[in-house]
Each structure stands twice: as C-alpha cells, then as structure tokens.
Asker: 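I am attaching a structure below and will ask some questions about it afterwards.
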2 protein chains.
Amino acid sequence: MAKRGGSGLEEIARAAGVSKMTVSRVLRGGSGFSEETRAKVMREVDRLGYVPNRLAAAFGPAGSSTLVGVCVPRFTSSLFGALLESLNATLARLGYQTMIGSHGQIPEEEETWLKGLASWRPAGVILAGRRHTAGTLDMLRSMGVPVVEIWDLTTSPLDISVGFSHFDNGLEMARCVLARGHRRIGYVGALGGRETMGRQRLEGFRAGLAEAGLNLIASEMLEDDSGFYPGFYGTETLLSREGNLDLIYYHDDEMAIGGLAFLRARGLDVPGRIGVAGWGGMEAASVLPQRLTTTKVPTARLGKAAAEALVGRLKGSPVQDVTVVPTQLVPGATIRPDA
Amino acid sequence: MAKRGGSGLEEIARAAGVSKMTVSRVLRGGSGFSEETRAKVMREVDRLGYVPNRLAAAFGPAGSSTLVGVCVPRFTSSLFGALLESLNATLARLGYQTMIGSHGQIPEEEETWLKGLASWRPAGVILAGRRHTAGTLDMLRSMGVPVVEIWDLTTSPLDISVGFSHFDNGLEMARCVLARGHRRIGYVGALGGRETMGRQRLEGFRAGLAEAGLNLIASEMLEDDSGFYPGFYGTETLLSREGNLDLIYYHDDEMAIGGLAFLRARGLDVPGRIGVAGWGGMEAASVLPQRLTTTKVPTARLGKAAAEALVGRLKGSPVQDVTVVPTQLVPGATIRPDA
DNA sequence: GATGCATGAGTTACCGGTAACGCGTGCGAT
DNA sequence: ATCGCACGCGTTACCGGTAACTCATGCATC
C-alpha cells in the first residue's frame, strides 16, 4: 500500500485514544505514563505495524541521531571486511546504524565522503587512518560530533583513538628476524608513495634494522593495491634488482603469500635460502605448507572496542582517549628457526 | 563552532536577501530564478559554508530520499567486497548514499536489518540473495520502494533482478569437467544445509552430471563459512571417506585453493590424479602454480548494473526487470587437458 | 482546610527543506 | 487596448518526532 506516511505516532495515538506525545514517551521507554496506558499503546503499535521514523527523530533536536559514519580504505581486504563486520554488528546491537564509505587511501576522497556524510547529521564518525586533509579536519570540527580514529594509533588523536602502532609492528618484526640471523633484507610494498599504514610499518621496520646498524638492501614499492599477484611480481622485480637477499618483509600477508609462490616457483628454499615475513594474520595463510611469519591483528576486537568507545562517548560515559588493541607477532616457519 | 543548526537555507536566504524557497530552488538546480539571483545565492552559500541537510529533505515529501539500503551475506569475501566497492561508487556518483548491512546467509537477519533500514525511509533497497522471510516480503511491499535483487537471478524477481544463474554456472562446469574425461566426482561446500547460492551451483552441477548419467560420488558440506582452511580440511574429510575421486568441485575459489594445498601436501598430482574446480575468479588464485579452473564473476559490472537499474527506476526511466551479467568459465590447468 | 508536590497526561513550537500555491510584473498575441 | 501567460519570487503548510511547557488530579503534609 505504502499509503502516505505508513502510520505514524498520530495514527497510533488516535487508535489508543491518547496523544502523540504519550505514544512517543511509551515507545522511547521513558516515564510519565501508567501501565494501563503503556499496554494500550503497545497493543496498537503491534496491531498497526508501526515503523519508527528515524529521519524525523534525528532531524529534530540536535544529538538525537543514531547514525554513525564509517570510512575505511577499501572493502576488498579481508581485514577491513572483518573490521566492518564487527563494527556493524556492535553498533547495531547498541542501537546505531552505519553509513559506510571507502577512500582508497586518498585523503581527498575521505573529505568528499565526509561532506556527503555531514549532510545526514550523524551522531559520530569512525575513520580508519590518520591522514586527513585540512578540509576534513575543518568539517569534523564544525560537525561537533565524536570522532574515533581506528586502525593506527595516533599520538595526538583528534578525539578518540583505538588501535595499535604500525610503527611498533614493523619494529618488532625487524627485531624478530634479526634475532633469527637474517641480515640482507628487502621489502615489497604497495600503494606507491602514499602515506598508508603500511608505510608506518616500514618505518618501524627500518628503525629496527637501524638498531643493529643495518639498512634495507632493496625495496620495491608497487603502485597497486595490495594483493596476491602484486606480491608475486613485486618479488620478481625486487629479486631481479638484488638477488642476494635473505629475507623479504611484505606490506601484508596476501603479498607475502604471493611472494612465497614466486620463491617456490623459482625453487628457492624458504627459509633456508630466503625468509618471508608478512603482516595481518590473514586467513589465506592457513593453508600454506609452512606457517607464515606475521603479525596477527585482532580485527573483531578492534571493531568492537571502537564502536563501544564511540557509543560510550555519545552516552556521556567516561571514555579513554587512546585504547590500545594488542597485536601478536607469530614467528612462524618462514624465517630461520630460533637459534 | 557547531552552533545550533550550523547554517540552513534560512540563513543563506537572509544573507542573500531572498526567500528560503528561492535558495532551495537555486541549490536544487531547478528553474524559477534569474541568473543574478543565482549568483548572489551561490556566493552566500560558499561564503557561509552551507552544508545541506538531507535528513530534512528526505523527511519531507515522500520519495525524495537519496538513501539506498544494501544487504550482502558478509563483508569478509573478496567478491562481496568488490561488489560493495562498485555499488557504493556508482551510487555515490549518481547522488545516492548507501546504508550497508550483512545477513550471514540467515534470512531472519536480513529481516532484522530491513526493519532497521525501513526506519530511515530509503529510496530503494538492494538485496544479495533470493531467500527472504515472509516478514521481509511484507516489509518490502509496505515500504513501496524499488527492490533490486542481485547476485543470483530469480525467475520471478520481486521487482528488479540483476545477476546470473548460479545453477547454470554449476551446470556449465559439470559439462566442462565431463568433457575433459573426469568421472568420479566429489564436492566440498560450505554453510551446511542453508539455502546459499553455492547450493544453486551444486544443483546445477548435479544436473550436469545427470545428463551423463552420473552422480556425485561423495560430498562434504561444512558448517563453516567459506575460506581457505575449510577447503583444506573439507578435502581431507572428503578423501578420507572416498579416496577414489578424480575431481572435486568446490563452493568457491578460496576453498578450492585450500583443497589444492591439501592435495599437494598429500603428494597427489593435479590434474593427473585428481582435478580441482572452483568458482568466483578470486584474486588469490592468481599466484597458484597452475591456473585454477573456475567461473569468473564480474563483480564490478554487476554492482554498476544494479546501481544503475535502481537509479533508473527511481528516476522513472524504463528499466528491464531482469538483467543478465554474464560470467565466464575459465578451464584452467587444474582439470585434465582438452582431449 | 490550605498548601505542596508527584503523577499522568495534553499542547505548543520547532527542526530544515520542499510542494503547492499566490501574486505582481512585463511581454507578445489578438 | 486588453487579455493571457510565462517568469521570478514570496508565503504557507506540512513531513514525524521530541523538548519544554502547561494543566488537572490525587494524595500527603502542616
């Protein structure tokens, strides 16, 4: 039917013989009505199949929106997928809806997305990444809503920050592979010169090497998004330039798996001849003949923590500015055994 | 500052010395104003940093929403990820925003999601899958908005349908592997007894075998979501029950890749001893030593076509009820060579 | 018996944008 | 000269829900 307006508070109110406001009070579970009235109203609500109108609710008084904007780099990554799943589920459970976008690691696209989001007057915003344009910052300020930056920890969060340090992830991995005796080390990355979080890991990794007085021997920065095949041909390119490496650190596990495939195709023994380290703890690594050396990222915990921090702030509970969600380095069998 | 209301049409109107309605007309690019007025209004819009309020716009007259609901089975699949990317980008380009949810192949969860969506009065809905509860159907009807069912073609779409036939995908694959001489065939699937689209493919596959008077020798239906490791141990279980198979068809490529890993670990020659066929055309297969036999799904085209069909309907253009997005069977090297 | 207060309602105003309508002006058609 | 109409713009009335206010009633208190 879709008759104009479906049925609103007004209709329920008439049917129950009370006023609109009373119906509103009953539905929002406040007080100021008798049990008898509540029962009468609820009966009509069920009978008429009332569908609330959040548009109207959010439209009215400021701060009554239940919409949360979420922006991630891309949908086509198992990590971000799991993150979104967790964010979405947690926010839904807490009574919020999400409006999700992706920015492809381009800060300007994040700004464009935010501009669109702002016109829906959301209650809060969750952003993956710490690179924002000046326009984004302006807009966030003028929206005046809580902002949760996730994925990468920021030393000075805009508002709330939930995640871990990619720099430390890289640093820790460097120390680990150095301890196993690897010395001639290369890197294969993605997304070219952009300020991705992979770059933070790389910088941490370099710092770790520097502690031992070492440098990366060679690195290959692909322009592509991360993926299995980019890992494969990135490795090929890297080795064609510098064949004498004893370990390659990768942007993430998918690329590491692609790299492993190349190394195996070349007949290079892993880890005897060359070691491999990835990042992310992705499911694809579970079927490798060797356990992949990687850093596991608790995507589900991260999403849940971020959602709860945002809602906590919205409800007025005290919320930590920075929440660390710990990652776990898994040494695996693609680097040399512990001495 | 985030002063109450930011700045609305009213404020622009006052600054430009015109009425609210004129500002609205200018911004919506209609007619009914002079060039001079337009310039004056636009100047103030820029100067005051006007942020439109879609809440108010969508809230008013019926059918003026620019919100589209999208529900997919899950985020953690490279195929659905790519689909969402494409849907989101296309809809954004056409001036629409998306509200995305996932249902985990559980029709009741789709209904729950839809109930939440309905309260935002969306202009349209895009659903992946054809299994809907009665409640979902009721709600869709009473919402009175266009519905696009994607991914699987339905013989009788609720409204608009964009996709391809999973049954035909399975059928085609069966014919292909039969033509290559495979006869003792097994299947490894996911998500147990649920009515997934993988099940449609399986039924098509069975039908193809039946054409040659054959049956599946064995099949293993896991309860898990699809994934690499489920493919690995599903294959182990299947072969432990029935070791004498010469081909396994998988729910999708991820599972097929997991299966290949198992077969290689066992030292079974592929395709000499046993063949492997997957589905989806997933990127992970790109680094296998052999090209995987699979069916490529054009996720980006599908998302674009679905978004355009929905917007076409919303704008009143004539739109086909059913749009077929063709898939492509890639024979690959994991089945026996062409005789 | 007058006062105070809690309780259970109804009333009003408003959020920001848009449809529908109204009104004056200027111009071409008759 | 008059009529009709298109144009440019202003006015009004909503859309559905909620905050803030009002008001009547009943009951305990002094």
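Chain naming here is simple, since letters A, B, ... match the order of the sequence lines and numbering starts at 1 in each.
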Asker: Would you mind reporting whether B:Arg131 and B:Met197 have side-chain heavy atoms less than 4.5 Å apart?
Answerer: no
Asker: Rounded to the Å, how far apart are B:Phe59 CZ and C:dG16 P?
Answerer: 12 Å
Asker: Could you check whether any side-chain N or O of A:Ser86 sits under 3.5 Å from a backbone N or O of A:Ala300, counting only pairs where one atom can act as donor and the other as acceptor?
Answerer: yes
Asker: Roughly what angle, to 10°, lies between the helix axis at the start of the helix from C:dG1-D:dC30 to C:dT30-D:dA1 and the one at its end, five pairs per end?
Answerer: 50°
Asker: For B:Tyr50, give me all partners under ring pair (Phe, Tyr, Trp, His ring centres under 6.0 Å), at least two apart in sequence or on another chain.
Answerer: none
Asker: Does either side chain, that of A:Glu308 or that of A:Thr90, offer a donor lying less than 3.5 Å from an acceptor on the other one?
Answerer: no
Asker: What I want to check is whether the side chains of B:Thr196 and B:Gln105 have a donor and an acceptor closer together than 3.5 Å.
Answerer: no
Asker: What one-letter contact string describes nucleotides 8-14 of chain D from 5' to 3', where B marks a base within less than 4.0 Å of any protein heavy atom, S marks contact via sugar-phosphate atoms alone, and - marks no contact?
Answerer: SBBB---
Asker: Rounded to the nearest Å, what distance is computed from the CG atom of residue A:Leu55 to the P atom of nucleotide D:dG17?
Answerer: 10 Å
Asker: Answer with yes or no whether the side chains of B:Thr133 and B:Glu108 bring together a donor and an acceptor at under 3.5 Å.
Answerer: no
Asker: Check the pair A:Asn88, A:Tyr96 against side chain to side chain contact (heavy atoms under 4.5 Å, CB included), reporting the backbone distance first and the verdict last.
Answerer: CA-CA 9 Å; A:Asn88 222 30; A:Tyr96 291 79; over 6 Å; no
Asker: Please confirm whether the shortest side-chain N or O distance from B:Arg28 to OP1 or OP2 of C:dT18 is below 4.0 Å.
Answerer: yes
Asker: Roughly, in whole Å, what's the span from CG in A:Leu9 to P in C:dG10?
Answerer: 13 Å
Asker: With a 3.5 Å cut-off and no angle check, do the side chains of A:His132 and A:Glu149 form a donor-acceptor pair?
Answerer: yes
Asker: So, OP1 or OP2 of D:dT18: does either fall under 4.0 Å of a side-chain N or O from A:Ser24?
Answerer: yes
Asker: Please report, rounded to the nearest Å, how far the P atom of C:dG16 is from the CZ atom of B:Arg121.
Answerer: 21 Å
Asker: Figure out the CZ/P separation between B:Arg14 and C:dG17, and round it to whole Å.
Answerer: 13 Å
